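Model, not experiment: these values are computed from the prediction. Computed over heavy atoms, backbone and side chain alike; hydrogens, waters and symmetry mates excluded. Counting convention: from 1, in listed order, for ligands and their atoms alike.
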Amino acid sequence: MLRAVVIGTGEYLPEKIMTNHDFAQTLETSHEWIVERTGIIQRHIAAEGENTSDLATIAGQNALKDFGISPDSIDLVILATTTPDDTMPSTASKVQHSLGIKNGAAFDVNAACSGFVYAMSIANSFIVSRQAKRVMVIGAETYSRIMNWEDRGTCILFGDGAAAVILEAQEAKGTNTDRGILFSKIHSDGQYTELLKTTGGVSSTKNAGYLTMVGREIFRHAASKMPASVEEGLLETGLGKDEIDWLVPHQANMRILASVAQKLGIGEDKVIATAPMHANTSAASIPLALHQAAKDGRISRGNLIACPALGAGLTWGCILLRW
Ligand code: ACO
């Protein structure tokens with residue numbers, strides 16, 4: 001059978017860094033409050049004129065360059081984002097062109113903070129059904145553009161960034177020792193759309209609006225659905241919790257990460273956490289964490305990685321992946 005195996009990763013974080021202290025200048029908040037409730041210390045913010053496609057393009061270029069992969073060999077680009085450059089064309093089409101990729105297809109996926117898990121699940125389906133051989137999956141966001149900078153309950157939580165993962169179809173035995181995606185499952189329940197949303201959109205208000213959230217409810221859903229989605233993967237594959245080398249969850253905030261790890265009985269030493277330095281970069285958060293941990297040598301070939309996520313929709317899901 002075919003497996004979708006990660007053969008390269010790349011990232012891009014905008015140059016500008018905004019600290020918690022910067023918020024304390026204009027809002028009734030403090031570094032201490034933000035750290036205690038979220039574990040977030042800083043976030044990157046895209047410059048004016050620096051769009052989601054720009055972040056995604058640099059992340060994609062880095063992945064191609066650092067792993068010696070030719071753009072000609074990529075036959076599908078899936079870009080997970082909730083903050084596209086424009087209503088149309090898709091940001092993926094722009095990125096495909098700026099990366100010099102001419103083969104196959106390109107499209108965006110909007111599943112908010114679950115976007116990367118959704119995109120990986122779709123990429124996996126294309127690969128195992130032999131519709132694509134090399135897929136670039138990118139998570140790229142400029143949430144700074146949809147923040148209400150006067151709402152201290154939301155604007156402190158998010159940041160901008162992008163990361164790319166290149167998946168390749170490789171023949172495998174079909175066992176749990178294979179490299180590649182061993183399990184992927186995505187979910188959605190539209191009864192919860194009001195919990196996390198923007199105040200506008202193309203068809204409703206003709207503008208993007210800004211993000212609003214019922215924080216406590218989102219926390220509750222994330223803390224239950226993310227671990228449940230990992231359990232679902234373990235049950236289906238027959239893998240054990242103790243076989244997970246790294247838990248790389250969507251980086252909502254440190255309290256959510258701690259709660260997910262605790263519910264799964266996974267030690268904090270096995271959790272990759274970038275939320276303190278990046279804040280919540282939505283669809284970019286898991287690939288950023290994967291890239292950084294692979295680069296610094298924590299994640300190595302053969303490791304079993306669990307990536308659960310939850311986002312607006314509500315959407316949620318998990319991939320189990322052997323590096
Ligand atoms: N600084 C100071 N005080 C604040 C701030 C702030 N930045 N934000 C809120 N407060 C105040 C509130 O106004 C409230 O004051 P009040 O009691 O006088 O009304 C008080 O702090 C407590 O507010 P809560 O919202 O109840 O605080 P809570 O302990 O729930 O923490 C938080 C808020 C961190 C947002 C939490 O609910 C959370 O982690 N939710 C998950 C949300 C999330 O991460 N969403 C990301 C998108 S979805 C995803 O990625 C899964």
Using a 4.0 Å heavy-atom threshold (strictly under), name the region of [X] that reaches ligand 1: side chain, backbone, both or neither.
{"X": "L27", "value": "neither"}
{"X": "F23", "value": "neither"}
{"X": "T29", "value": "both"}

Quick one: does [atom] have a protein heavy atom under 4.0 Å from it?
{"atom": "atom 25 (O) of ligand 1", "result": "no"}
{"atom": "atom 17 (O) of ligand 1", "result": "no"}
{"atom": "atom 20 (C) of ligand 1", "result": "no"}
{"atom": "atom 51 (C) of ligand 1", "result": "yes"}

Pair K270 + D245: basic N to acidic O under 4.0 Å: no
Charged N-O contact under 4.0 Å between K295 and E11: no
N or O contact, G215 vs ligand 1, cut-off under 3.5 Å: yes
Min N/O separation S30 to ligand 1 under 3.5 Å: no
Geometric class of the F126/F107 ring pair [parallel <30°, tilted 30-60°, perpendicular >60°]: tilted
G311 heavy atom under 4.0 Å from ligand 1: no
Min heavy-atom dist Q251 to ligand 1 below 4.0 Å: no
Closest to [atom] (judged by heavy-atom distance), picking from [options]:
{"atom": "atom 10 (N) of ligand 1", "options": "F219, F158, W33", "answer": "W33"}
{"atom": "atom 43 (C) of ligand 1", "options": "K225, M213, R220", "answer": "M213"}
{"atom": "atom 31 (O) of ligand 1", "options": "E32, R255, R216", "answer": "R255"}

Ligand 1 atoms in contact with [X] (distance to a heavy atom under 4.0 Å):
{"X": "E28", "value": "1 (N), 2 (C)"}
{"X": "I256", "value": "41 (C), 44 (O)"}
{"X": "L196", "value": "47 (C), 48 (S)"}
{"X": "L310", "value": "49 (C), 51 (C)"}
{"X": "G153", "value": "8 (N)"}

Residue pair V95 / A56: nearest heavy atoms and the distance that separates them: CG2-CB, 3.7 Å
N/O donor-acceptor pair under 3.5 Å between S121 side chain and V117 backbone: no
The single option from K133, R130, R3 passing salt bridge (charged side-chain N to carboxylate O under 4.0 Å, His left out) against E171: R130
